Structure formats: C-alpha cells, structure tokens
There are 2 protein chains.
Amino acid sequence: MTRTQQERKAETRGRLLDAAAALFASRGIDAVSVDAVAEAAGRTSGAVYAHFGSKQGLLLALLDEWKQSMLTVLFAAVAVAGEPGDQLAAVWESLAGDGAGPGRAWSLLEDELWLRASRDADVAAVLTERNAEARRITARQLAVWALRVGATPVGDAETTATLLRALLRGLELEHRVDPAAVPPATAVLGLATLLGLPPDRQADPPDSHLTTRRP
Amino acid sequence: MTRTQQERKAETRGRLLDAAAALFASRGIDAVSVDAVAEAAGRTSGAVYAHFGSKQGLLLALLDEWKQSMLTVLFAAVAVAGEPGDQLAAVWESLAGDGAGPGRAWSLLEDELWLRASRDADVAAVLTERNAEARRITARQLAVWALRVGATPVGDAETTATLLRALLRGLELEHRVDPAAVPPATAVLGLATLLGLPPDRQADPPDSHLTTRRP
DNA sequence: GCTGATATATAGTTATCGTTATCTAAATGC
DNA sequence: GCATTTAGATAACGATAACTATATATCAGC
C-alpha cells in the first residue's frame, strides 16, 4: 500500500489532531503529554513537532480547525423538536444530557479553552474570532426562529444571542459539577424568558408548577 | 519576641493559604509550584507538607476556608447603589470592572475551580456544598429585594438565583476574554429580565436604545 | 535503481515538580 | 535545666514533561 507523501502527511496530521481533541477533552490539556497524543494517534512525538512545532502549536491548530462547537448541537436539537417549548428543552438536553456522550467532553474542552484564554493571548485571539462568528450565526437563526414562533426576545438579536449563550454556558458549567442544582425546568424557564416566548407557546404543563412563584 | 507554638503554627498556616490564594488566582493552580507558594509566604515547602500533606490538601484547605466569593462583592454593590437599575449595573461593574482589581483574579480562580471540579471529585464535593449555600443566600436576598423594588422574578427565589448566577458566570467568562462582546447594557438587560424588573424602575434612559428591538 | 528530499522514529537532554527523609531550632512539661 | 515534642528548614529522589538532535524509513524525479 503506497501513498503519496501529501496523503501520508495529511493523514498523520488528521490523526494527531483527532487524538489531541479527544485526549484534551477527556483529561484536560495540561494533563495530556505530547507523547500521549502521538501514541493515541499511532505516531510518535517526533511527528507532533514536525507538524506543529510545539504543544501550543498543536493546540492552536486544533482550535483553528475545530468545527464542532456548541452551535452544531444546538441547531440540531432545535430542528428535531416540535413545539417551541420542547425545542428549548431539547437544547438544554443536548448540552446537559446525562449520557456521557461527546457533547459533554467537548463542552468541557470549550470551557477549558475559555479559561485558558484569560491567560494566553494566542488562544484568546482565536477564541474571540470564533466567538464573534458564533454569535452572529446564533443571532441570525434566532431572529428567524423568533418570527416563526411569535417570540419577542428581550433585546436585539445579537444582544439576545450573547445573553442566551452566556446563560447556557453558566448553567452547563454548574450542571456538570452539580446536576441536581440545575433541573431542566429551570434551564428552559431561563431560555424562554430571555427569548420572550409567550406562555401559551411554552411546554405543555405537566411540570408547570416550576414556573409559578412562591414569593 | 517569643510566641507560643500555636500562634506560630497558625500564622504559618494563614500565610501559606493567603499566598496560595493569590498565586493560584493569578497564575492558575497547575502553573504554581508548592515551592512558589512557600516562598511567597516566607516559608519553605516543608511547611506546606507539614500543614497540608500535599498540594491537593493545600487546595482543599483553601477551598474550605475561602470566604471571599462572588456573593460578598455582589451584595456590597447592591447596597451602595440607589435605583434598582443602577444596582444591577453596579453588580455587573463589580464583576467585570476593568480595574485589574482583586475581583477579577478571584473570579478567575472560581472558574478554574468549577472546571477542575468536573474531573476532581474532592473539589466537586466542596464546591457543591458551597454552591448550595450561596444559592440559598442569594435566593433569600433576592426575595427581599424583589419585594422592595416591586420586581416579579421569573421563577421562585431559588430558581431565579440559579439563573442569575449562571448568567453572571457565563457573561463574566466571556467578558474576561472578549470585553467588547459583553457591553454593560447587555448584562444589565439580562439581569433585569430574569429579575422581572418593571421598565419604569430600570436605569435612567441615556442608553435606553439598547433595550429596544430591531427585529 | 539511484539520489535528493521529506516524513516520521529514536534516543537523549534539561528542567521542573511533587514528595519524602532527615536535620535543626524553638517551645513545652517536669 | 533537661528531655520531649513540635514547627519548619534543607537536601535529595524519582518521575515526568517539553523539546532537540539525529537517525531511519518512505516517496519523487530521473
């Protein structure tokens, strides 16, 4: 089985990036050695340095090529569910679902990257750019969605997108550590409120007691 | 100057914890060596191991004795400002204020702890407990505040507290990396919405255009 | 096939870190 | 005052990690 050099290089690069993504997500970036990444990719650390120059270079390359974000999961969830209220529940479920599915590991890595960006200007630059794009996309989808279901979000689309994404990230961070602290109804209520979803379009009332107030 | 052993021990312990808090916050836990903590406290690593047994022990002790949380800052901010809208702005300012003040470093450490808790059961246990207490306190204060200013929060006090704290954490995480992405008006709008603050009680309208919608 | 180039493997090197074992000096109790 | 306990200092160990220098395998062009 003979391949061209380009193919060989490209495959190695892909394997290294995939292995890095998986390991970084499951164990945390600092806890993963370059050798571990290389071994998981069926290569050695020499290949990593030939391709990326340093561990940081590997991380930045991974960030650059990373397509799988919060967004993909979210839109998929919305597309599937029917009623607006159910869509919000599906959004939350896709992020916080108890299955140890990939969403969990990815969101963990995303949070770690945000934290790392606070101290690493290179990571911050990449993340800021990606974030702006993600916010734009979210805002556009959100505007369409609001028209369709008759919701009146609290602010303009970009502002609402910022608030939504922040709320989701905050809830998810807490839920991962202390799931009981964030029941699904709480998350859905928060989303529905920011989105200005009229009560009659919200979820069917089996657990509507969670939206009542006891002052 | 002769001191009792208890005093000596207590002072060393305090100095070590203070140094650890400052260094962990500014550089990140993993990036700080035990020797660095000891040196900053005017001691040596031997003292750390005599007191805490391990670096993890130092971290857990720090967590246990940590009084300074998001809450202290928040309530102080509310207490000072006058109008409800201004209070919300003050809350956000105290978290996101551009001053490199201690609030910034502390919130960074808090976020790192939440992340670490996802992979460290001991940290998760401490954090979960602290979190439940913080939520209770927030909920209580929130109920009082809502009555006073005539706000009708979106859910019961505990639910609203959860949503508020999650939103703040998410916004703050984003703001630290990309301040321009989270203008103050956006944060205030989010808080006011979850708190059900009537528009006439919100901030004076110099920048009220930010609360209007362009669909 | 042979040569030059390229991709990856191999084997260090150096530095750092957590931890432990041992030693010293200070305080306590009799 | 002397023995004992205790707080903390000192020095070394062992592991691990990022990175580098060099060797080897693989491919391209002739």
Side-chain angles (χ1 to χ4, degrees), chain A residues 1-63 65 112 116 119-120 122-123, chain B residues 1-63 65 112 116 119-120 122-123:
Chain A
M1 177 183 109
T2 176
R3 296 166 307 176
T4 175
Q5 291 273 60
Q6 278 192 2
E7 287 168 346
R8 191 162 85 119
K9 189 172 182 176
E11 189 196 333
T12 295
R13 184 185 159 91
R15 294 175 69 133
L16 288 173
L17 287 175
D18 288 350
L23 283 178
F24 286 174
S26 75
R27 297 188 211 163
I29 298 170
D30 287 323
V32 173
S33 71
V34 173
D35 279 313
V37 172
E39 186 180 351
R43 296 292 184 274
T44 65
S45 64
V48 174
Y49 286 93
H51 276 270
F52 306 106
S54 67
K55 187 180 180 180
Q56 175 84 348
L58 170 63
L59 177 62
L60 292 176
L62 179 60
L63 247 71
E65 309 220 341
E112 183 173 4
R116 176 169 286 245
R119 298 196 179 94
D120 183 328
D122 289 331
V123 173
Chain B
M1 176 182 108
T2 177
R3 295 167 308 176
T4 176
Q5 292 272 61
Q6 277 193 2
E7 287 167 345
R8 190 161 87 119
K9 189 171 183 177
E11 189 197 332
T12 295
R13 184 185 158 92
R15 294 175 70 134
L16 288 173
L17 287 175
D18 288 349
L23 284 178
F24 286 173
S26 74
R27 296 188 212 162
I29 298 169
D30 287 324
V32 172
S33 70
V34 173
D35 279 313
V37 172
E39 186 179 352
R43 297 291 186 276
T44 64
S45 65
V48 173
Y49 285 91
H51 277 270
F52 306 105
S54 66
K55 186 180 182 182
Q56 176 84 348
L58 170 62
L59 177 62
L60 292 177
L62 180 60
L63 247 71
E65 309 219 340
E112 183 173 3
R116 177 169 286 248
R119 298 197 179 93
D120 183 328
D122 289 332
V123 173

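Throughout, protein chains are lettered first and strands after them, A, B, ... in sequence-line order, and every chain is numbered starting at 1. In this text, all values refer to a predicted model and were calculated from it rather than measured experimentally. Note that these values count all heavy atoms, side chains included, but never hydrogens, waters or copies made by symmetry.
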Asks: CD of Gln56(B): more than 12 outside heavy atoms within 6.0 angstrom?
Replies: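 Result for CD/Gln56(B): enclosed.
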Asks: Let me know the distance between OH of Tyr49(B) and P of dC23(C), rounded to the nearest Å.
Replies: 21 Å
Asks: What is the nucleic acid contact for Ser33(B), judged by heavy atoms within less than 4.0 Å: base, sugar-phosphate only, or nothing?
Replies: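 If one applies the 4.0 Å heavy-atom cut-off, Ser33(B) turns out to touch the sugar-phosphate alone, with no base involved.
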Asks: Measure the distance from CD on Glu39(A) to P on dT16(D) and round it to the nearest whole Å.
Replies: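 Roughly 13 Å, once rounded to whole Å.
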Asks: Find the distance Gln56(A):CD to dA17(D):P and express it as a whole number of Å.
Replies: 18 Å
Asks: Counting heavy atoms from C-beta on, name the nucleotide in dT10(D), dG18(C), dT8(C) closest to the side chain of Lys9(A).
Replies: dT8(C)
Asks: With nearest nucleotides of DNA chain D determined for Gly53(A) and Ala31(A) from heavy-atom distances, which residue corresponds to the more 5′ nucleotide?
Replies: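 Nearest-nucleotide comparison on DNA chain D picks Ala31(A).
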Asks: Counting only side-chain nitrogens and oxygens, does His51(B) get under 4.0 Å of the OP1 or OP2 atom of dG8(D)?
Replies: yes
Asks: If you check the Thr4(B) side chain, which of dA7(C), dA7(D), dT28(C) turns out closest?
Replies: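 Shortest atom-to-atom distance from the side chain points to dT28(C).
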Asks: Once you round it to whole Å, what is the distance between P of dA7(D) and CZ of Phe52(B)?
Replies: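 Rounding to the nearest Å, CZ of Phe52(B) and P of dA7(D) are 13 Å apart.
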Asks: Could you check if a side-chain atom of Phe52(B) sits within less than 4.5 angstrom of a side-chain atom of Leu59(B), using non-hydrogen atoms only?
Replies: no
Asks: If I take atom CZ in residue Phe24(B) and atom C1' in nucleotide dC17(C), what distance separates them, rounded to the nearest angstrom?
Replies: 13 Å
Asks: Tell me whether the side-chain N/O atoms of Ser45(A) come closer than 4.0 Å to OP1 or OP2 in dA9(C).
Replies: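 Negative; the distance criterion is not met.
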Asks: Begin with the C-alpha distance, continue with both residues' side-chain angles, and end with the deciding distance and a verdict on side-chain contact (heavy atoms from CB on, under 4.5 Å) for Asp30(A) and Arg116(A).
Replies: CA-CA 10 Å; Asp30(A) 287 323; Arg116(A) 176 169 286 245; 2.8 Å; yes
Asks: In terms of the nearest nucleotide of DNA chain C, which residue is placed more toward the 5' end: Gly46(B) or Gly42(A)?
Replies: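 Here Gly42(A) is the residue nearer the 5' end.
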Asks: Between dT19(C), dC19(D), dA9(D), which nucleotide has the shortest distance from any of its atoms to the side chain of Thr44(B)?
Replies: dA9(D)
Asks: Rounded to the nearest Å, what distance is computed from the CG atom of residue Leu58(A) to the C1' atom of nucleotide dC19(D)?
Replies: 14 Å
Asks: Check whether any side-chain heavy atom of Val37(A) lies under 4.5 Å from a side-chain heavy atom of Lys55(A), and answer yes or no.
Replies: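 Counting from C-beta outward, Val37(A) and Lys55(A) never come under 4.5 Å.
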Asks: Mind checking Ala47(A) for me? I need base, sugar-phosphate or nothing, with any heavy atom below 4.0 Å counting as a touch.
Replies: sugar-phosphate
Asks: Are side-chain heavy atoms of Glu65(B) and Arg13(B) found at a separation under 4.5 Å?
Replies: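 They are in contact (side-chain heavy atoms under 4.5 Å apart), so the answer is yes.
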Asks: Just to be sure I understand the rule, does Val32(A) reach a base, reach only the sugar-phosphate, or reach nothing, if contact means heavy atoms closer than 4.0 Å?
Replies: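 Sugar-phosphate, no base atom in range.
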Asks: Between Arg43(A) and Asp35(A), who's closer to the 5' end of DNA chain C by nearest nucleotide?
Replies: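 Looking at DNA chain C, the more 5' nearest nucleotide goes with Arg43(A).
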Asks: Once you round it to whole Å, what is the distance between C1' of dA7(C) and CD of Gln6(A)?
Replies: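 In whole Å, dA7(C) C1' and Gln6(A) CD are 13 Å from each other.
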Asks: Choose from dG8(D), dT8(C), dT28(C) the nucleotide whose nearest atom is closest to any side-chain atom of Gln5(B).
Replies: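 Shortest atom-to-atom distance from the side chain points to dT28(C).
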Asks: How close or far is atom P of dA26(C) from atom CZ of Arg8(B), stated in whole angstroms?
Replies: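 So the CZ-P distance, Arg8(B) to dA26(C), works out to 8 Å.
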